[in-house]
Number of protein chains: 2
Amino acid sequence: MSTPGRGLHGRVLDTLGPAITAGEYPPGSILRTDELAQHFEVSRSVMREAVRVLESMHLVESRRRVGVTVRPKCEWNVYDPQVIRWRLAGADRPHQLRSLTVLRSAIEPAAAGLAARLATPEQCAELTECALGMVAHSRGHRLAEYLYHDVAFHRVILTASGNEMFARLGDVVAEVLTGRTEHEVMFEDPDPAAVTLHVRVAEAVRARDAARAEELTRQITVGALQELDILAP
Amino acid sequence: MSTPGRGLHGRVLDTLGPAITAGEYPPGSILRTDELAQHFEVSRSVMREAVRVLESMHLVESRRRVGVTVRPKCEWNVYDPQVIRWRLAGADRPHQLRSLTVLRSAIEPAAAGLAARLATPEQCAELTECALGMVAHSRGHRLAEYLYHDVAFHRVILTASGNEMFARLGDVVAEVLTGRTEHEVMFEDPDPAAVTLHVRVAEAVRARDAARAEELTRQITVGALQELDILAP
DNA sequence: GGAAACAAAAAGTCAGACTTATACATCACA
DNA sequence: TGTGATGTATAAGTCTGACTTTTTGTTTCC
């Protein structure tokens with residue numbers, strides 16, 4: 001995913017980022033650039049670039065005469081896709097998956113409502129196509145194909161909302177849906193009710209029925225919450 | 001806000017970041033590290049650190065033999081607080097304010113619903129205090145004091161939701177509310193109806209009435225949307 | 001006309017010397 | 001004894017210059 005080896009500093013981040021987000025260095029821990037550079041066997045300049053990136057994610061703070069201190073979790077840029085990936089890849093995965101699902105349940109219904117008003121004919125067609133693809137692969141353990149269409153469906157909804165902030169959550173939703181299929185629940189065929197809901201959302205959007213699109217999408221996200229035993233609204 | 005002069009590379013970012021987010025360099029534009037370093041009169045190492053930060057925000061992409069290319073807006077990390085600040089400070093301000101307000105209108109009702117279930121007694125008290133503070137300063141052009149309590153109110157709601165993703169939007173909401181008071185609408189005393197809604201939300205949360213807290217908060221955000229002439233859901 | 005070899009360009013990496021801010025300890029003085 | 005000024009060690013910050021590596025675009029040759 002994304003860019004694995006984009007330079008030495010990236011290689012360092014691939015190790016250090018997950019370590020910090022996993023809580024291996026408790027908040028307030030102090031790292032020293034020189035030591036880190038030695039440990040990772042890179043030059044100080046490379047190490048400094050890595051630290052700058054971590055700093056821009058608010059994972060650490062660099063101060064003269066002190067060192068590089070790890071910031072408390074509540075200050076992290078938790079919307080940074082990279083941070084999200086690191087957390088999903090580590091011990092924090094279940095917790096991260098839950099908070100993202102709650103986020104989804106707030107965003108997606110609103111996005112669907114907007115999409116019903118703003119979607120272009122092309123987007124409507126794409127949506128229908130995705131929903132039909134889900135139907136087509138909803139039986140017989142075609143999980144990979146089903147997932148593909150599911151992700152595409154939610155991406156179209158978020159994009160068609162016309163809101164850039166919503167649209168940028170497409171990757172996050174994709175990550176959640178993929179994670180759900182790969183690791184957590186969903187070993188059997190998907191819930192037929194969920195499939196039907198997607199089809200009906202596509203219909204509602206095409207019919208420009210914002211209220212219905214929103215309500216149906218809410219039902220989808222409520223299902224996602226229930227899968228994780230999160231109290232439904 | 002935040003940290004103005006955290007090193008030379010930060011000074012460079014203060015100029016280059018806003019320039020890019022303002023669209024001064026159209027997507028696909030190619031910058032060269034050496035030229036930038038010369039232009040900003042800093043060493044290549046400092047310039048490289050700045051570029052690394054921009055790269056981690058997905059504002060640019062650095063490739064060998066090519067240079068530093070500006071990415072299209074749709075790929076930016078639009079949730080990065082720094083990016084949001086840069087955009088709010090530039091020509092993109094009205095558009096950014098709108099998309100953030102739409103985001104608020106999706107998040108805050110959900111957060112209020114969760115807060116009604118999960119808020120601690122201390123948070124309930126804090127909420128009431130904020131609401132009363134708003135009432136106290138809702139007349140006689142006490143806009144600064146009103147704003148202070150308004151921001152605090154929404155921060156408490158987002159924090160009390162128990163969701164880290166919601167909580168981290170506190171700064172964003174603060175930025176939007178402040179922006180509204182300082183530049184856009186709101187030259188006169190705040191709308192009495194809005195003030196009352198805040199008081200009632202505090203009551204609903206204290207009464208553990210999630211549905212009511214959510215609905216009342218939705219009314220608040222609908223008001224915010226209408227102020228910006230955004231079609232209400 | 002297409003494939004393979006080549007050259008140039010720009011980012012990437014490294015090492016070392018120097019500067020600067022600052023936490024902490026020390027000391028003088030009230 | 002407590003408080004403020006002074007000093008010092010430390011780790012980040014900065015700069016420079018040389019070198020490496022990747023990649024693009026060209027050139028050459030079959």
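A note on names: the letters A, B, ... follow the listed sequences, proteins ahead of strands, and every chain is numbered from 1. Only a predicted model underlies this, so the values are computations on that prediction, with no experimental measurement involved.
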Output all residues satisfying side chain to side chain contact (heavy atoms under 4.5 Å, CB included) with A:Ala110, sequence neighbours left out; order by chain, then residue number. A:Phe166, B:Ala106
Rounded off to whole Å, could you give me the CG-to-P distance for the A:Asp34 and C:dA15 pair? 12 Å
Would you call A:Asp34-A:Arg48 a salt bridge at under 4.0 Å N-O? no
Considering just the side-chain nitrogens and oxygens of B:Arg63, establish if one lies under 4.0 Å of OP1 or OP2 belonging to C:dG12. no
Rounded to whole Å, the CD1-P distance (B:Ile30 to D:dG25) equals 10 Å
Of the candidates D:dT24, C:dA23, C:dC14, the side chain of A:Val42 sits closest to C:dC14
Give a yes/no answer on whether the side chain of A:Arg44 brings an N or O atom under 4.0 Å of OP1 or OP2 in C:dA15. no
Base, sugar-phosphate alone, or nothing: which one does A:Leu31 contact when heavy atoms must sit under 4.0 Å apart? sugar-phosphate
Once you apply a heavy-atom cut-off of 4.0 Å, does B:Ser62 come out as touching a base, just sugar-phosphate, or nothing? sugar-phosphate
How close or far is atom P of C:dT22 from atom CZ of B:Arg6, stated in whole angstroms? 15 Å
Using whole Å, report how far CZ of B:Arg32 lies from P of C:dG12. 14 Å
OP1 or OP2 of D:dA11 versus the side-chain N and O atoms of A:Thr33: is any pair under 4.0 Å? no
Presence of donor-acceptor pair under 3.5 Å, side chain of B:Arg65 and base of C:dA8: yes
Using ring centroids (six-membered ring only for Trp), state whether A:His149 and A:His154 fall under 6.0 Å. no
To the nearest Å, give me how far apart CD (B:Glu41) and C1' (D:dT14) are. 15 Å
Length of the CE-C1' vector between A:Met47 and D:dA11, whole Å: 14 Å
Could you check how far CZ of B:Arg64 sits from P of C:dA10, rounded to whole Å? 14 Å
Just checking, is any N or O donor in the side chain of B:Ser45 or A:Ser45 under 3.5 Å from an acceptor N or O on the other one? no
Counting N and O atoms only, with roles assigned by atom type, does the side chain of B:Tyr25 sit under 3.5 Å from a partner on the main chain of B:Ala19, one being a donor and the other an acceptor? no
With respect to the side chain of B:Ser43, which nucleotide from D:dT24, C:dG12, D:dT16 is positioned closest? D:dT16
Using whole Å, what does the distance between atom P of nucleotide C:dT13 and atom CZ of A:Phe40 come to? 15 Å
